[in-house]
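Have a look at the structure below, then the notes.
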Amino acid sequence: MKKIEAVIRPAKLEEVKEALNKFNINGITVSQVMGCGLQKGRKEYIRGVEVTMNLLPKIKIEIVTDERRLNDVLNIITEVSRTGEVGDGKIFVHDIEEAIRIRTGERGESAL
Amino acid sequence: MKLKLLSLSVSLLTILSLSSAVYAADSSPVNTGDTSFMFVSTILVFLMTPGLALFYGGMVRKKNVLGTMLHSFTIMGLISIQWILIGYTIAFGPDAFGGLLGNFSFAGFAGVGVDPSSYAGTIPHELFAMYQMMFAIITPALITGAFAERIKFPVFLIFTLAWSTLVYDPLAHWVWGSGGWLSKLGALDFAGGTVVHISSGISGLVACIMIGKRKGHGKVPMAPHNIPFVLIGAALLWFGWFGFNGGSALAMNGLAISAFVTTNTAAAAALLSWVIIEWMQHGKPTLLGAATGAVVGLVAITPAAGFVGIVPAIIIGLAVSPICYFAISVIKSKFGYDDALDAFGCHGIGGIWGAIATGLFADRSINSYARYNGLFVGGGFTQLGIQIFTVIVTIVFAAGMSFLILKAISLFTSLRVTEKEEEDGLDISQHGEDAYPQFSVQETFNII
């Protein structure tokens with residue numbers, strides 16, 4: 001099992017959710033995060049005084065999937081979230097040791 | 001039930017008609033039109049201080065919004081009482097020390113009463129005193145923008161009380177009180193350019209320098225946490241300002257309407273000119289800029305409102321925004337003082353421009369209280385000179401007294417909260433209240 005951790009633009013959340021849903025990925029966890037990468041924040045002017053906002057709001061999606069579908073999921077998220085501008089985000093993949101469905105006690109891939 | 005209500009209203013009517021009969025019987029010169037107008041003007045100016053609480057509250061970070069709003073709101077309590085007990089008599093009591101102070105005969109509003117006074121011959125004296133109270137309330141509230149986000153609450157209370165008594169009240173006497181030395185000199189300040197705006201702005205500058213910068217100033221972003229609040233505040237200020245400037249005619253007459261027109265005109269012109277500069281400089285017009293522009297326009301027209309015509313009002317408004325914008329974006333950055341919400345940049349600088357502009361555009365055909373026409377109305381340099389002198393006197397007096405008051409307080413306690421308290425925010429550390437408790441931990445990253 002693998003966990004996909006994708007940090008994306010907030011505006012892309014709905015499209016990503018919809019694409020994953022079509023691919024029968026039903027379990028996702030979404031959180032609001034702040035972050036910066038190459039984009040380096042943005043400038044605002046407050047009464048003419050420059051203020052740099054270093055951290056920008058992003059959305060983090062976490063999905064745990066079996067390894068057979070991993071590449072497809074990664075492709076979907078990459079394609080849908082891409083605008084080609086800096087600030088599109090990043091995806092990280094982790095190994096997952098175990099998964100348990102709390103309701104039934106099922107373990108492993110059947111718990112996903 | 002209905003019958004009861006009916007009999008109640010009948011008896012109320014009887015009381016009302018009886019009292020008006022009593023009223024008509026004595027030959028009081030109270031004019032009901034003027035009195036109604038001044039009553040409405042008074043409550044309009046009253047509303048400006050809660051408006052200022054919103055204006056300032058929106059501009060601070062979310063951890064300081066309650067502390068900032070409480071500054072303005074507390075002053076409504078504190079100065080209402082101070083004004084009745086000693087403030088009014090120092091400012092408007094019969095002159096006692098050669099134009100420096102009023103004597104204490106009106107202490108506790110003694111002898112103020114409902115008959116008209118020499119200040120306003122057609123309205124009850126108490127109404128005039130209440131109208132002036134609202135000015136005495138908002139003026140120290142303006143200062144709080146300079147030292148926002150780091151002052152200790154008890155220090156703020158003592159400073160405000162001392163400042164009102166030792167700076168505002170005497171200054172109001174000099175400019176507006178009977179026998180005040182600046183008014184005898186011919187200084188023109190229709191609704192408070194010097195007494196209200198320059199005095200508070202300069203004192204804010206002194207206070208923010210003495211108290212020191214906010215922790216992280218210039219390093220961490222300190223963006224306004226709620227610009228919609230700022231807009232509501234600015235709108236309430238603008239609305240209330242019609243009473244502030246229009247009411248300064250002290251009667252419902254042509255002068256009041258003339259001041260009403262110049263007030264709105266200058267605010268409108270300044271709003272536009274601020275937005276235009278911003279647009280030119282950084283490519284985007286902002287709401288904070290539009291709100292700020294309107295307020296500095298109102299500041300600038302305040303001393304001139306009842307002395308100038310409409311075209312000068314447009315010029316005063318158009319010019320004030322570039323002046324204040326320059327002061328805030330260039331001078332403030334260059335010298336590095338932390339005037340958190342630009343009390344000095346807006347009220348100090350805008351007030352100085354307004355007071356000087358009064359010397360440029362004062363027109364005796366609009367208000368013959370002015371002894372000379374302004375420079376551009378063919379009156380030569382006399383009025384301009386008086387105005388500049390008054391500005392300098394106000395700056396020196398307000399700055400010096402503010403320095404002394406804060407120096408005296410600092411002998412007993414530190415002026416600012418501890419570093420830890422500042423990090424936690426004044427809301428939690430000074431007041432044990434949280435404005436937005438439902439917000440998640442993650443959102444606190446939004447505005448650090």
Side-chain angles (χ1 to χ4, degrees), chain A residues 3-17 20 27-64 77 80-81 83-94 102, chain B residues 58-61 145 216-225 227 230 274-275 277-293 295-296 321-322 324-334 336 338-342 345-346 349 439-448:
Chain A
K3 181 165 96 169
I4 298 161
E5 203 175 276
V7 179
I8 63 167
R9 292 181 189 276
K12 288 290 181 184
L13 175 63
E14 287 306 315
E15 274 180 72
V16 171
K17 253 171 46 189
L20 290 173
I28 68 171
T29 305
V30 173
S31 35
Q32 290 183 308
V33 294
M34 302 292 290
C36 64
L38 292 175
Q39 202 179 358
K40 292 278 178 251
R42 118 187 95 85
K43 278 181 190 155
E44 278 184 16
Y45 290 92
I46 297 167
R47 289 176 171 164
V49 181
E50 184 185 305
V51 174
T52 310
M53 313 301 271
N54 292 314
L55 299 178
L56 294 179
K58 296 284 170 189
I59 289 288
K60 185 167 83 175
I61 301 176
E62 287 161 287
I63 302 163
V64 177
I77 298 175
V80 175
S81 309
T83 68
E85 305 287 322
V86 283
D88 276 353
K90 285 200 172 56
I91 304 177
F92 305 102
V93 181
H94 312 253
I102 293 176
Chain B
M59 266 189 269
V60 294
R61 289 165 293 172
H217 178 248
K219 294 183 199 102
V220 298
M222 295 180 175
H225 92 286
I227 293 175
V230 178
W274 191 292
V275 169
I277 306 165
E278 236 175 19
W279 211 335
M280 283 168 33
Q281 288 258 310
H282 302 300
K284 285 173 185 165
T286 69
L287 179 54
L288 181 67
T292 307
V295 169
V296 297
S321 288
C324 291
Y325 187 90
F326 175 77
I328 292 166
S329 65
V330 179
I331 296 178
K332 186 169 79 157
S333 309
K334 195 171 161 62
D338 185 12
D339 179 7
L341 312 180
D342 297 312
C346 293
I349 299 291
F439 283 179
S440 70
V441 179
Q442 281 149 357
E443 281 196 87
T444 58
F445 291 125
N446 243 326
I447 288 157
I448 299 158

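Numbered from 1 within each chain, the chains take letters A, B, ... in sequence-line order.
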Are side-chain heavy atoms of A/Glu44 and B/Pro221 found at a separation under 4.5 Å?
no
Counting heavy-atom pairs closer than 4.5 Å to chain A, which one of B/His282, B/Gln281, B/Glu278 comes out on top?
B/His282
About how many Å separate CD1 of A/Ile46 and CG of B/Asp342, when rounded to the nearest 0.5 Å?
10.0 Å
Can you give me the closest heavy-atom contact between A/Gly48 and B/Ser329, atom names plus distance?
O-CB, 3.6 Å
Closer than 3.5 angstrom, by distance alone: can the side chain of A/Arg47 be matched with the main-chain N or O of B/Leu341 as a donor-acceptor pair?
yes
